[in-house]
Amino acid sequence: MLALGDLIALDYPQINMADPDNICSVIHQFQPTLVINATAYTDVDKAEINPKLAMAINGTGPGILGEEVKRIGGALIHYSTDYVFDGTKGKPYNEEDEPNPINVYGETKLAGEKAVQDIGGAYLIFRTSWVYSLRRPCFVTKVLQWARERETLRIVDDQISTPTWARTLAETTAQIIAKSKGNPVNYIDDNSGLYHLSEAGFCSRFEWAKMIVELDPKKENRIVKEIVPAKSTDFLSPAKRPYFSVLDKQNFINRFHLIPPHWSKQVMPLSLNQK
Ligand SMILES: NC(=O)c1ccc[n+]([C@@H]2O[C@H](COP(=O)([O-])OP(=O)(O)OC[C@H]3O[C@@H](n4cnc5c(N)ncnc54)[C@H](OP(=O)(O)O)[C@@H]3O)[C@@H](O)[C@H]2O)c1
């Protein structure tokens with residue numbers, strides 16, 4: 001348990017990020033000192049056919065939220081994505097690099113970042129990458145499921161980024177709030193801005209899948225015999241994905257004096273079946 005004050009956790013439909021009036025009335029009702037917005041329309045392929053809803057939740061909603069939070073004198077922590085980049089730079093992206101999303105999800109998340117930045121006030125935006133946990137459907141849960149259903153897995157080796165355990169993000173966020181010594185609004189106001197925050201190092205989805213299968217907490221259920229590298233173009237998917245979207249965390253480290261752990265150490269909890 002973290003001694004950071006009272007916590008109110010809301011999910012859809014207690015708050016609907018696609019409904020501006022609802023966002024305003026929830027903020028009015030709870031009058032929070034600090035809002036952490038981890039909501040998003042995250043289905044990258046479905047966003048291609050549902051761009052209006054994705055834009056409402058990822059692009060417009062965060063702006064309304066930021067405005068309301070600022071109006072009541074609070075602070076906002078918001079998460080964004082490496083998918084705002086096109087993945088062609090060939091080395092890690094820093095915060096000064098120009099975003100150039102290549103899918104609807106990335107476009108809508110970039111719009112959300114801009115909306116929060118335009119409103120200003122006390123805000124932190126953390127761009128992160130390849131978030132996973134065993135609690136929610138994600139690449140890790142998919143690979144574990146495929147390993148129980150198929151003898152051969154074909155996984156792309158041309159998409160490269162950094163897996164980031166959801167707990168790392170949650171704990172890092174809590175550590176930042178703790179640094180505020182009970183005054184998160186002032187602390188966040190002093191450090192307002194957009195930062196890259198993922199775990200350290202990087203890998204391809206192919207390398208990550210191999211590690212996930214090795215660490216499968218229920219090895220007895222596996223039928224997979226081989227994992228074969230493939231290319232993104234081998235699969236027909238509605239949305240394009242960036243090839244190399246690793247984030248450079250140096251600004252985050254310099255500002256908050258916290259060191260993100262290496263992704264390959266953090267997947268260890270999988271073998272312990274921690275969530
Ligand atoms: N997953 C990744 O690889 C990744 C990578 C980079 C950045 N991010 C960012 O990290 C943050 C967290 O992502 P995640 O991976 O935890 O996503 P997630 O598992 O899909 O969680 C998103 C949450 O948003 C909620 N939500 C969806 N529509 C909503 C609405 N209209 N109103 C209110 N809540 C709504 C979902 O509710 P339900 O439970 O009802 O669906 C869910 O709880 C997001 O900002 C995402 O863009 C994720």
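Remember, predicted model here, so these are calculated numbers, not experimental data. Whatever order the structure lists them in is the order used to number ligands and atoms, beginning at 1. Values reported hereafter were calculated over all heavy atoms of this structure, with side chains retained and with hydrogens, waters and symmetry mates removed.
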>> Does Lys89 qualify as a cation-pi partner of Tyr93, given the criterion of NZ or CZ under 6.0 Å from the six-membered ring centre and within 45 degrees of its axis?
In response: yes
>> I'd like to know if the side chain of Glu171 pairs up with that of Gln175 as donor and acceptor (distance under 3.5 Å, no hydrogens or angles considered).
In response: no
> So, for Trp208 and Phe139, is the gap between ring centers shorter than 6.0 Å?
Replying inline: yes
>> Which label fits Tyr132 and Trp165: parallel for a plane angle under 30°, tilted from 30 to 60°, or perpendicular past 60°?
In response: parallel
> ring-ring contact (aromatic ring centres under 6.0 Å, His included) with His196: which residues, sequence neighbours excluded?
Replying inline: Phe85
> For ligand 1, what are the residues with a heavy-atom contact below 4.0 Å?
Replying inline: Asp11, Tyr12, Ile15, Asn16, Met17, Ala18, Ala38, Thr39, Ala40, Thr42, Ile57, Tyr79, Ser80, Thr81, Tyr105, Lys109, Thr128, Ser129, Trp130, Val131, Arg136
>> Assess whether a salt bridge exists between Glu113 and Arg127, defined as any Lys/Arg side-chain N lying under 4.0 Å from an Asp/Glu carboxylate O.
In response: yes
